[in-house]
Amino acid sequence: MTVDRVWRSLPVKSSEVSLAKVLRCGQTFRWKNIDHVWSFSVDDRIILLKQEDDDLQFSWIMPEDKMENTNRQEKETLDFINDYFSLSTSLESLYSDWLKVDEKYRKKIGSSPFIKFPGIRILRQDPWETTVSFICSSNNNVKRISKMVDSICTNFGTYINDFEGIPFYSFPKPKDLAKPETEGLLRDLGFGYRAKYIYKTACKFVDNEEFPEITIEQLNAMRSKSYDEAHQFLLQLDGVGPKVADCICLMALDKHDIVPVDTHVYQIAMRDFKFKGKKDLKTMNQQVYHEIRLFFKELFGDYSGWAQSVLFASDLSDLNNGVNQISTKEVKVENDSIEIKKRKVITTADEKITKETKTVIKKRRNLQV
DNA sequence: ATGGAACCTACTCT
DNA sequence: AAGAGTAGGTTCC
């Protein structure tokens with residue numbers, strides 16, 4: 001059955017949102033790209049997005065039994081997109097501020113990421129989904145995280161509908177994951193030691209005897225609390241340490257100035273900026289963690305977490321890497337296949353030299369029919 | 001108190 | 001072709 005899908009237009013420039021980058025830079029793991037249409041399930045529907053030259057096109061798919069009242073659905077979908085992408089925040093003006101900082105403090109190695117990588121912004125994601133997703137992220141890579149999060153939905157979520165022959169499920173609630181068999185099932189699904197963390201964290205959200213203060217309402221309420229309070233709240237959860245807590249703060253709880261510090265961010269601080277760590281990376285501890293975090297916070301200001309995401313994305317060699325990339329038709333080279341600069345680190349006697357080498361992203365590894 | 005292992009798995013690289 | 005190395009860390013000792 002081929003339906004004529006209704007697409008609506010949203011006037012958003014690609015300098016404000018680059019879907020190909022934002023949805024692939026490691027903040028969200030569930031968007032699928034099917035023949036150049038981005039798809040994602042939320043609550044009771046599948047959201048569809050397409051990036052055109054001058055705007056964003058959106059559509060939505062409801063469950064089979066909920067096809068009426070289109071006007072309301074359109075408004076709800078539009079509201080979601082505006083909120084999820086924080087479209088009321090102008091990215092272009094932030095970029096121009098960051099560029100000034102970058103030019104002043106960055107060690108010059110090629111053109112600025114704030115020129116080279118437009119349209120990268122921090123999403124405003126659901127706190128619960130973000131929590132579970134980033135519990136999965138520990139000691140892990142984007143490709144596997146995406147597989148795991150998708151697996152959580154198909155095994156524990158609620159079926160919504162199909163799109164292009166692929167079934168979409170909602171992201172499960174805590175009660176869906178707080179069952180005794182969950183941990184074993186997650187282990188069978190390849191979650192490794194994170195299986196227990198997810199199970200135990202889900203349990204804390206449904207157990208109002210031992211953890212009366214840990215509820216979804218409280219988690220969501222952290223959006224309007226201070227960073228310190230939100231950070232402390234999150235540290236109570238299993239599998240959530242300082243870095244994961246900060247990811248949740250930045251990407252779900254409106255803490256725009258928080259820079260989650262991982263090995264990668266530490267490298268950027270050392271290599272591209274003039275951060276002098278007192279200690280080696282091996283001895284990363286609470287103190288060093290917050291030193292680096294505050295270093296970036298002071299550098300870029302109120303939206304330092306957003307700025308950092310651009311630096312991080314620019315540091316990745318391949319943003320797509322075949323994650324959730326599906327083609328229902330013949331294999332062809334992506335039209336958004338972009339030429340990027342990949343830094344190669346060449347180590348000499350006792351000095352690191354960064355050299356720019358041009359790399360053309362070839363056909364995606366997983367882009368097979 | 002604090003640094004270092006151990007922890008799961010699926011890659012990639014050699 | 002096996003085996004080490006690693007991927008946006010956290011927990012435990």
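Bear in mind that the values here come from a model prediction, so they are computed numbers and not experimental data. The chains referred to below are lettered A, B, ... by the order of the sequence lines, with proteins before strands, and numbering in each begins at 1.
Residue contacts for A:Val261: at a heavy-atom cut-off of 4.0 Å it reaches no nucleic acid atom on any strand shown. Within the 4.0 angstrom heavy-atom criterion, no nucleotide atom of any strand lies near A:Gln27. Counting any heavy atom pair closer than 4.0 Å across all strands shown, A:Pro242 reaches sugar-phosphate atoms only and no base atom. At the heavy-atom level, A:Leu235 lies nowhere under 4.0 Å from the strands shown.
For the P atoms, the distance from C:dA1 to B:dT9 is 25 Å, rounded to whole Å. C:dG8 and B:dT2: their P atoms are spaced 29 Å apart (whole Å). Taking atom P on both B:dC8 and C:dC13, the two are 13 Å apart, rounded to the nearest angstrom. For the P atom pair drawn from C:dG9 and B:dA1, the interatomic distance equals 27 Å after rounding to whole Å.
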Applying the Watson-Crick and G-U criteria (both distances under 3.5 angstrom) with [ ] for crossing and | for other-strand pairs, one obtains for DNA chain B ..|||||.||||||
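Remark: P of C:dG9 and CD1 of A:Ile248 are 14 Å apart, rounded to the nearest angstrom. Taking atom OH of residue A:Tyr289 and atom C1' of nucleotide C:dG8, one finds them 10 Å apart after rounding to whole Å. One can place CG of A:Asp246 at 13 Å from P of C:dG9, the figure rounded to the nearest angstrom. The nearest whole Å value for the distance from the NZ atom in A:Lys243 to the P atom in C:dA7 is 12 Å. Taking atom CG of residue A:Asn140 and atom P of nucleotide C:dT10, one finds them 13 Å apart after rounding to whole Å. Separating the CZ atom of A:Arg187 from the P atom of B:dA10 is a distance of 12 Å, rounded to the nearest angstrom. Summarising the geometry, the separation between CG on A:Asn141 and P on B:dC13 is reported as 12 Å, rounded to the nearest angstrom. Atoms CG (A:Asp238) and P (C:dT10) sit 12 Å apart, rounded to a whole Å.
Ring orientation note: the planes of A:Phe40 and A:Phe80 are close to parallel, at an angle under 30° on the 30°/60° scale. Aromatic ring pairs are classed by plane angle as parallel below 30°, tilted from 30° to 60° and perpendicular above 60°; the pair A:Tyr227 and A:His231 is tilted. Taking the six-membered ring where tryptophan is involved, the planes of A:Tyr95 and A:Trp98 are tilted, since the angle between them lies from 30° to 60°.
No more than 12 heavy atoms of other residues, nucleotides or ligands lie within 6.0 Å of CG in A:Asp302, so this atom counts as exposed by the packing criterion. Around atom NZ of A:Lys75, no more than 12 heavy atoms belonging to other residues, nucleotides or ligands sit under 6.0 Å away. By the 6.0 Å contact criterion, NZ on A:Lys104 is open, its count of non-hydrogen atoms from other residues, nucleotides or ligands being 12 or less.
Considering A:Asp126, A:Ile214, A:Thr131 in turn, A:Thr131 is the only one that fulfils the side-chain contact (heavy atoms from CB on, under 4.5 Å) rule with A:Leu219.
Checking the phosphate oxygens (OP1, OP2) of B:dG3, a side-chain nitrogen or oxygen of A:Asn285 falls inside 4.0 Å.
Both A:Met284 and A:Val244 belong to a common hydrophobic cluster when Ile, Leu, Val, Met, Phe, Trp and Tyr are linked at side-chain heavy-atom distances under 4.5 angstrom.
Between A:Phe29 and A:Phe134, the distance separating the two ring centers is shorter than 6.0 angstrom. Ring centers of A:Tyr105 and A:Phe273: at least 6.0 Å apart, outside the cut-off.
Across residues 188-205 of chain A, A:Gly190, A:Gly192, A:Tyr193, A:Arg194 each have a non-hydrogen atom less than 4.0 Å from an atom of DNA chain B (numbered order).
Residue whose closest nucleotide on DNA chain C sits further toward the 5' end, between A:Val240 and A:Arg144: A:Arg144.
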